[in-house]
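I have placed the structure first, in the form of structure tokens, so that the comments after it can refer back to it.
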Amino acid sequence: MQIRVLAFATAADVIGKEPVEIDLEAGATVDSLGASLCQQFPALEPIWPRLAVAVDGEVVRGSRTLEADAEVALLPPVSGGSIVRDARP
Amino acid sequence: MQIRVLAFATAADVIGKEPVEIDLEAGATVDSLGASLCQQFPALEPIWPRLAVAVDGEVVRGSRTLEADAEVALLPPVSGGSIVRDARP
Amino acid sequence: MTEGHASPVRASLTEGPIDTAAATDAVAGATCGAVVVFLGNVRNHHGGRTVTELAYSAYRPMAQARLEQIVTELEGAATGLRVAIVHRLGVVPIGEASVVIAVASPHRQAAYEASRTALERLKREVPIWKRETYDDGSATWREEEALAPA
Amino acid sequence: MTEGHASPVRASLTEGPIDTAAATDAVAGATCGAVVVFLGNVRNHHGGRTVTELAYSAYRPMAQARLEQIVTELEGAATGLRVAIVHRLGVVPIGEASVVIAVASPHRQAAYEASRTALERLKREVPIWKRETYDDGSATWREEEALAPA
């Protein structure tokens, strides 16, 4: 399945500002998307643990299963801290 | 000696917005000015205890001796409370 | 204290509408990251009654001196802080500002705190009085009452 | 919740200069005695370095949704409270506002508190990033750093 990945700030410096299309097997999770992305963009690896990941605008955990045609956004920490840490549960 | 008295808000409703000239003996205090004013304007009497009194722009105590040509201002409580109570010492 | 910026509006009393942008510009500068502007607007109700008109009167020379003192003391207590206070006198139409306090600071915390302190001191220490007229035609001087009670 | 007032600017992202007066007017009304306006202005220095340019980028649909959520939750938590948040994106010249938060309330205490809460939540929860360029030509994304550190 095709996953569309958007990156921002430091993550965009690595993979670009334009959306990247990643081909994953059905049932792939956010974590497995991360593994694919870090293989394709090795400079992403040191950044990945600090990124929040949003799927269709909602911040999700690494274990989240991705659906086909999902829009995934890589969100570095914002000025007040990490979005993933501070978002309400 | 002549003392010029300015009144504001509720005090001005009693003695008027225009300055009032009061003739007092030399050595008169703010308290004795108050007695004279309350005699001349009986409606001032219930208000007087709540008024702060400024002499030439400085809030003073009732025992303060007045100088000739002093400008005395009668200051009712302001929105946040009495000026006399809350002014720094 | 004000890092060389001219501040044409530090403390002033005015009969006309308050120029909020001018007060803000008077304190803001390239070194100040945070600007907090407080507007005290005239409300159409007070204690359940409908207010049709508000008018402010002041003992002007003393009010001016005390406003300047508040500004000077606040600016002296924090690095880079700048304060402007403008109070309107006379009749203020409903919905318009009777007071504007603009504070700029390198740090937002200091800006918020100075804004609140300026407002509390203004209400306690500055000889300005408010006269409310109600829809039944009666009027009263508000005493010992907050500008906008919490 | 907003007492029938239309509020054209509740939460918005804009590429141009922020219209502070429009944001203020969007929340102020005859029933609100207190209006607190926070401006986060771009500073010419950060951590001892000279900043020559700041640029903001956002994940726009999510940023928009989270700004609206902050406004809605703050307005729902206090009677008569109204909030507008405008954040600028792209390059913001030194001294101009990158964010404006306008809060109106019948009570000044609630206005100040909602202003601070809106600012803290904005900085933590909204996907907007700041890129600083320095006078030596280098640039960096500011992360986990306050808009205007206290």
Side-chain angles (χ1 to χ4, degrees), chain C residues 3 5 19-21 23-25 27-46 50-52 54 78 80 93-117 119-120 122-123 130 145-150, chain D residues 3 5 19-21 23-25 27-46 50-52 54 78 80 93-117 119-120 122-123 130 145-150:
Chain C
E3 301 187 12
H5 292 82
D19 186 341
T20 304
T24 306
D25 292 347
V27 298
T31 59
C32 287
V35 179
V36 173
V37 183
F38 175 86
L39 295 86
N41 285 347
V42 165
R43 292 186 290 175
N44 59 1
H45 61 91
H46 186 113
T50 299
V51 175
T52 56
L54 257 104
I94 301 296
E96 296 191 15
S98 59
V99 61
V100 170
I101 298 169
V103 177
S105 167
H107 307 301
R108 65 184 185 286
Q109 182 107 343
Y112 278 111
E113 282 169 12
S115 177
R116 296 184 73 152
T117 301
L119 180 57
E120 298 307 321
L122 169 67
K123 290 165 12 71
K130 174 164 73 169
E145 187 87 39
L147 276 172
Chain D
E3 301 186 14
H5 293 81
D19 186 342
T20 305
T24 306
D25 291 348
V27 298
T31 58
C32 287
V35 179
V36 173
V37 183
F38 174 86
L39 295 87
N41 285 347
V42 165
R43 292 186 290 174
N44 59 3
H45 60 92
H46 186 113
T50 299
V51 175
T52 55
L54 257 104
I94 302 296
E96 295 191 16
S98 58
V99 60
V100 169
I101 299 170
V103 177
S105 168
H107 307 300
R108 66 183 187 284
Q109 182 107 344
Y112 277 111
E113 281 169 12
S115 177
R116 296 185 73 152
T117 302
L119 180 57
E120 298 308 321
L122 168 67
K123 288 162 17 70
K130 174 164 74 169
E145 188 86 38
L147 276 173

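Reminder, nothing fancy here: chain letters follow the sequence lines and each chain counts from 1. Here the structure is a predicted model, which is why all the values come from computation and not from measurement.
Both the backbone and the side chain of C:V36 come within less than 4.5 Å of a heavy atom of chain D.
Ranked by heavy-atom pairs shorter than 4.5 Å toward chain C, the options D:P93, D:S115, D:G95 are led by D:S115.
Ring orientation note: the planes of D:F38 and C:Y112 are close to parallel, at an angle under 30° on the 30°/60° scale.
Using a 4.5 Å cut-off on side-chain heavy atoms (C-beta onward), C:R116 and D:R108 make no contact.
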